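Note that ligands are numbered from 1 as they come in the structure, with each ligand's atoms numbered from 1 the same way. Worth saying up front: this structure is predicted, and the values here are computed from it rather than measured.
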Amino acid sequence: MAKLAGSPDRCGVAILGSTGTIGRNTLDVIRHHPDRYRVVALTAFSQVEMLVAQCVEFKPEIAVVVDQESAESVERHLKSAGSETRVLLGADHLEEIAALSEVDTVMAGIVGAAGLLPTLAAVRSGKRVLVANKEPLVMMGELITEEARANNAILLPIDSEHNAIFQCLPEHFKVGQDIAQVGVRKILLTGSGGPFRGLPLEEFSTVTPEQACQHPNWVMGPKISVDSATMMNKGLEIIEACWLFSTPHTTIEVVVHPQSVIHSMVEYSDGSIIAQLGASDMRIPIAYGLAWPERLDSGVSRLDLGAIAHLDFEPPDPGRFPCLRLARESIESGGTLPTILNAANEIVVDAYLNKRIRFDQIPRIIEEILGIVAYSDDVTLEKVLEADERARASTLERIEQKYSA
Ligand code: NAD
Ligand code: MG
């Protein structure tokens with residue numbers, strides 16, 4: 001339960017990835033509710049100055065930094081600012097702070113598979129876990145939801161679509177439960193179609209990372225922005241929804257909705273469709289996750305429906321966005337194949353952002369990797385980590401040998 005407003009016993013929050021888009025938005029919501037939330041721990045990969053500023057403002061007990069050089073610099077800056085925040089060095093501490101007894105709520109806001117172990121640690125410690133970081137769910141959503149049940153952790157989806165779906169479900173619905181049990185026959189997963197929805201296919205080979213990162217409606221980190229442009233983000237979200245709502249991918253229909261006003265819909269067996277609408281601002285799902293089952297002022301301006309005027313819908317174009325098919329095929333086969341898909345995607349997106357490959361090569365390389373890396377039907381942590389490592393190595397090798405510009 002969220003601690004009551006005005007209670008001296010404020011809710012302790014740890015933010016994994018506090019310097020990212022999700023992390024900064026979480027701190028912005030908390031900034032407006034100091035009577036309810038207390039920041040216990042912040043973590044970052046390398047953005048020293050921002051982490052220092054966050055520590056000075058929010059006074060967490062602990063800050064975790066992953067690399068040595070950054071840790072020394074954070075420590076030095078904090079000391080000169082008179083801060084009492086303790087700095088811990090190394091990825092192992094991410095798991096440790098996710099499990100701290102002072103922490104009630106963990107925001108999983110790291111990008112990619114790097115968030116897997118800390119997310120799992122938070123779940124195993126029975127925390128309220130706000131899941132923005134979708135990649136761990138793609139890799140082993142079944143195990144994460146099982147562990148949440150076994151340890152009385154509360155999983156709350158923060159990805160805007162999954163948060164919308166959750167908001168459209170009955171109050172007694174628990175994440176990980178089968179949505180058919182509450183009368184749902186379809187999930188309508190909306191997506192804007194990204195910046196290249198209308199771009200002629202022959203121009204896909206020339207789009208730059210700068211263009212790919214210019215999302216029409218959302219401000220996000222570089223990896224998820226590229227995923228949105230290839231629609232791999234929607235593919236990962238199909239898999240994420242399969243586990244959060246315990247349903248096969250065939251129940252999930254992707255609907256391209258360029259305005260990003262409806263964040264997703266749920267179709268019940270009687271034909272009713274319930275939708276959640278709101279501004280394209282992650283502070284809405286974040287505030288929902290922090291306060292659930294209550295509601296909190298997120299600081300987001302009201303949506304002016306008159307100004308929006310039109311809501312459009314269309315099916316996704318499979319020729320333009322092969323990543324949707326690849327994601328469906330990988331969850332259909334199951335086992336560690338979604339992990340391989342995710343790992344290959346992380347490597348190719350990084351190569352694309354570093355201008356080593358072209359945009360149109362992203363799905364091509366992922367498809368090749370899915371065909372060559374051996375997968376296992378067992379989804380244990382060990383098998384998943386092994387598949388992740390193998391897929392990353394194979395993808396790097398493939399890029400080096402066949403694609404490097
Ligand atoms: P971002 O790149 O802006 O921030 C990522 C954060 O993770 C940063 O604090 C960074 O320091 C940290 N980080 C990166 N690599 C790390 C590593 N190896 N070890 C430890 N920390 C590391 O990303 P973002 O846009 O905030 O997205 C975070 C997650 O939330 C992603 O999984 C994304 O898919 C998901 N998500 C984001 C949005 C959004 O609007 N930004 C919406 C839905 C879901
Ligand atoms: Mg999303």
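Side chain to side chain, Y403 and E368 meet the donor-acceptor criterion of an N or O pair below 3.5 Å. A donor and an acceptor atom, one from each side chain of S280 and N217, are nowhere located under 3.5 Å apart. At a cut-off of 3.5 Å, with distance as the only test, no side-chain donor of N163 or E161 sits close to an acceptor on the other residue. Judged purely by distance below 3.5 Å, without hydrogens or angles, the side chains of H263 and T190 never pair a donor atom with an acceptor atom.
Comparing L51, I224, I110, L94 against atom 29 (C) of ligand 1, the shortest heavy-atom distance belongs to I110.
The atom name of the N/O/S atom in E237 closest to the Mg ion (ligand 2) is OE2. Restricting E161 to its N, O or S atoms, the one at the least distance from the Mg ion (ligand 2) is OE1. Within D159, the N/O/S atom positioned nearest the Mg ion (ligand 2) carries the name OD1.
For atom 19 (N) of ligand 1, the closest heavy atom belonging to the protein is F45 CD1, 3.6 Å. Among protein heavy atoms, the minimum distance from atom 27 (O) of ligand 1 is reached at I22 CG1, 4.0 Å. Summary of contacts: the protein heavy atom closest to atom 4 (O) of ligand 1 is G20 CA, 3.1 Å. Atom 42 (C) of ligand 1 has M282 CE, 3.6 Å as its closest protein atom, hydrogens excluded (heavy atom only). What sits closest to atom 20 (C) of ligand 1 on the protein, heavy atoms only, is V66 CG2, 3.7 Å. From the protein, the heavy atom lying nearest to atom 28 (C) of ligand 1 is G109 O, 3.3 Å. Counting only heavy atoms of the protein, atom 43 (C) of ligand 1 lies nearest to D159 OD1, 3.0 Å. With hydrogens left out, the protein atom closest to atom 5 (C) of ligand 1 is V111 CG1, 3.7 Å, a heavy atom.
Without hydrogens or angle criteria, S83 side chain to T85 main chain gives a donor-acceptor distance under 3.5 Å. At distances below 3.5 Å, at least one donor-acceptor pair connects side-chain atoms of Q54 with backbone N or O atoms of S18. A distance-only check finds a donor-acceptor pair linking the side chain of H33 to the backbone of D297 [under 3.5 Å]. Under a 3.5 Å cut-off, the side chain of Q401 and the backbone N or O of R398 do not form any donor-acceptor pair. In this structure, R328 contributes its side chain and H249 its backbone to a donor-acceptor pair below 3.5 Å.
Counting only heavy atoms from C-beta outward, the side chains of L120 and P136 never approach each other to under 4.5 Å.
Residue E135 touches ligand 1 through its side chain alone, judged by heavy-atom distances below 4.0 Å. Only backbone heavy atoms of S18 (N, CA, C or O) come within less than 4.0 Å of ligand 1; its side chain stays farther off. Contacts between T19 and ligand 1 below 4.0 angstrom, taking non-hydrogen atoms only, involve backbone and side chain alike. The parts of M220 lying near ligand 1 are both backbone and side chain, judged by heavy-atom distances below 4.0 Å. Of all the heavy atoms of A114, the ones lying under 4.0 Å from any atom of ligand 1 belong exclusively to the side chain.
The aromatic rings of F196 and F359 sit perpendicular to each other, their planes meeting at more than 60°, with 30° as the lower class boundary.
Ligand 1 has a nitrogen or oxygen under 3.5 angstrom from a nitrogen or oxygen of N133. For the pair T43 and ligand 1, the shortest N or O to N or O distance does not fall below 3.5 Å. Close N/O approach between Q47 and ligand 1 is found [any backbone or side-chain N/O within under 3.5 Å].
Atom numbering of ligand 1 starts at 1 in the shown order; those under 4.0 Å from a heavy atom of A132 are 30 (O), 35 (C), 36 (N), 44 (C).
More than 12 heavy atoms of other shown residues, nucleotides or ligands fall within 6.0 angstrom of atom CD in Q181. The environment of NZ in K383 is sparse: at most 12 heavy-atom neighbours from other residues, nucleotides or ligands sit within 6.0 Å.
For the ligand labelled ligand 1, residue G23 lies outside the 4.0 Å heavy-atom shell.
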